[in-house]
Amino acid sequence: MIYFDNAASTRLDDEVLKVMTPYFTQNYGNSQSQHAKGREAAGALIAARDKMASLINCNSDELYFVSGGTEAGNTAIKGACSHYKTGSIVLSAIEHPAMLESARDMQKHGFELILVYPDENGVISPESVEKALRSDTIFCGVMAANNETGVVQPVEQIGKICRERGVFFYIDCVQTAGTRKIDASICDGLGISSHKFYGPKGVGALYLRKGSKVDRLISGGMQESGFRGGTVNIAGIVGMVEAYSRACACREEHNIKLKKLRDALVSGVLSNIDCAKINGGGDILSSHANISFEGCDGERILFLLDLKGICVSTGAACSAGVVYSSHVLQAMGLSPSRVKSSIRFSFGNYNTMQEVETTISALCEIIKKIQVGV
Ligand code: PLP
């Protein structure tokens with residue numbers, strides 16, 4: 001099996017599993033309990049929060065552990081709306097559904113959603129964000145890099161504009177966590193998700209600058225300083241922080257490896273397959289390549305690659321039997337045939353050059369087959 005879908009999820013690192021295991025089998029206490037087992041869990045939680053906060057450059061009391069990128073984004077948007085009661089939300093049109101759908105939910109409560117479109121390379125310009133901000137804007141969200149194209153966004157400049165205007169600025173860092181440095185000081189809120197950097201699923205982190213006007217989403221006990229109720233997932237959190245520390249320590253080395261794999265796939269595909277075109281431009285994460293095979297159906301390519309044991313993804317989402325094409329590539333202004341024929345290859349630490357070569361050969365065969373109508 002060849003797995004080129006690391007932007008969807010990554011394999012858990014064996015070393016991370018080793019660090020997590022005692023929190024399932026021995027140190028399984030509830031961090032809210034007042035006995036020794038509870039104190040053990042609470043101690044692990046404090047250490048994990050301090051470590052994570054130092055890695056993303058924020059204070060420990062500005063960091064909340066959540067279930068992942070979706071909860072982080074929902075909390076930030078809906079929590080800001082709950083606080084302000086009225087106003088407009090500015091989002092890039094290429095945000096993940098975790099952000100777009102949260103804002104659409106808030107439209108039902110009278111908030112206005114203003115979308116900012118990217119250029120043909122998939123980049124959101126700071127100027128276009130500045131134009132979209134209004135005196136009633138309560139929230140602005142632009143992702144650090146897009147999940148489909150890997151295109152990196154100028155979030156530092158956008159953060160400066162928002163700060164000048166006094167607008168809360170949130171960065172969805174789910175795709176960059178692990179391969180790019182995260183610095184909380186450039187924004188007011190950010191979210192990450194552990195399963196994108198070889199940590200466990202169902203755990204993430206939400207940074208909210210001290211004094212942020214964001215109400216809680218999940219009411220319950222006094223966990224997470226009363227901001228997010230529910231028994232704390234100690235094993236998951238310990239695993240995420242271990243995975244993130246490892247990713248930070250090996251970031252340069254891993255980026256070099258991923259870039260070699262990605263560049264080899266891209267040059268192999270472009271030199272052998274005439275209809276192939278790269279989607280996105282500028283600064284692209286070393287882990288991503290989004291390629292259209294014009295004239296071919298992306299879903300069909302995915303299916304035929306799957307038959308050969310190669311896992312990739314399309315930007316299309318399927319719901320109740322209806323396939324929706326990529327809102328990201330559409331927002332970039334790509335033609336419908338280019339959008340429909342796109343495939344995302346996303347590389348990870350466990351991939352090899354041999355796998356890239358096998359995939360290039362498989363793609364050549366599949367595209368030829370589709371073109372002659374077999
Ligand atoms: N934001 C982005 C950019 C993503 O790529 C994803 C997941 O693919 C999410 C948010 C949602 O994260 P999670 O799966 O942790 O809920």
Side-chain angles (χ1 to χ4, degrees), residues 3-12 16 52 56 63-78 91-105 115-116 118 122-124 139 141-153 155 158 170-180 182 187 189-207 217-218 228 230 233 236-237 239-241 243-244 247 280 284-285 287-290 311-319 324 326-329 331-332 342 344-348:
Y3 186 75
F4 283 142
D5 201 15
N6 290 277
S9 199
T10 55
R11 184 197 138 168
L12 184 74
V16 171
M52 195 73 196
I56 67 165
L63 191 68
Y64 302 95
F65 292 120
V66 294
S67 63
T70 302
E71 187 187 327
N74 269 260
T75 305
I77 294 188
K78 294 177 180 173
L91 288 184
S92 88
I94 57 169
E95 292 300 294
H96 188 271
M99 302 297 289
L100 290 171
E101 291 303 310
S102 294
R104 286 183 186 127
D105 283 351
L115 293 178
V116 180
V123 179
I124 302 288
F139 185 99
V142 178
M143 63 206 326
N146 182 260
N147 46 302
E148 290 184 29
T149 60
V151 173
V152 176
Q153 305 300 327
V155 286
I158 297 171
Y170 180 85
I171 311 177
D172 176 340
C173 295
V174 170
Q175 289 292 325
T176 51
T179 52
R180 295 286 171 112
I182 293 181
C187 60
L190 68 79
I192 66 170
S193 177
S194 157
H195 71 106
K196 308 289 184 178
F197 46 85
Y198 314 96
K201 291 175 181 53
V203 58
L206 167 66
Y207 154 74
L217 197 62
I218 300 180
R228 196 252 188 192
N233 175 6
I237 290 165
M240 170 173 68
V241 176
Y244 193 67
I284 298 182
L285 295 178
S287 44
H288 286 57
N290 190 304
C311 305
V312 296
S313 80
T314 65
C318 188
S319 170
Y324 299 92
S326 160
H327 70 286
V328 174
L329 301 184
M332 287 160 62
S342 67
R344 176 186 71 185
F345 302 87
S346 50
F347 305 85

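Excluded from the calculations below are hydrogen atoms, water molecules and symmetry mates; all remaining heavy atoms, backbone and side chain alike, are included. This is a predicted model, so every value here is computed, not measured. Read the numbers this way: they start at 1 and go in the same order the structure lists the ligands and their atoms.
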A.B. asks: V151 and side chain to side chain contact (heavy atoms under 4.5 Å, CB included): which partner among V123, I94, N290?
C.D. replies: V123

A.B. asks: Between H288 (side chain) and E148 (backbone), is there a donor-acceptor pair under 3.5 Å?
C.D. replies: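 No.
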
A.B. asks: Say whether S102 and N74, considering side chains only, have a donor N or O and an acceptor N or O under 3.5 Å apart.
C.D. replies: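 Judged by distance alone, the side chains do pair up.
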
A.B. asks: Pairs in or reaching into residues 65-74: which pass salt bridge (Lys or Arg N to Asp or Glu O under 4.0 Å), with residues at least two apart or in two chains?
C.D. replies: E71-R228

A.B. asks: Would you say I171 and T176 make side-chain contact, with heavy atoms under 4.5 Å?
C.D. replies: no

A.B. asks: For the backbone of A7 and the side chain of Q175, can you confirm whether one donor and one acceptor N or O come within less than 3.5 Å of each other?
C.D. replies: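 A pair under 3.5 Å: yes.
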
A.B. asks: Could you pull out the N/O contacts under 3.5 angstrom between ligand 1 and the surrounding protein atoms?
C.D. replies:
from	atom 1	to	atom 2	distance (Å)
ligand 1	1 (N)	D172	OD1	3.3
ligand 1	1 (N)	D172	OD2	2.6
ligand 1	5 (O)	Q175	NE2	2.8
ligand 1	8 (O)	K196	NZ	2.5
ligand 1	14 (O)	H195	NE2	3.0
ligand 1	15 (O)	G69	N	2.8
ligand 1	15 (O)	S193	OG	2.5
ligand 1	16 (O)	T70	N	3.0
ligand 1	16 (O)	T70	OG1	2.6

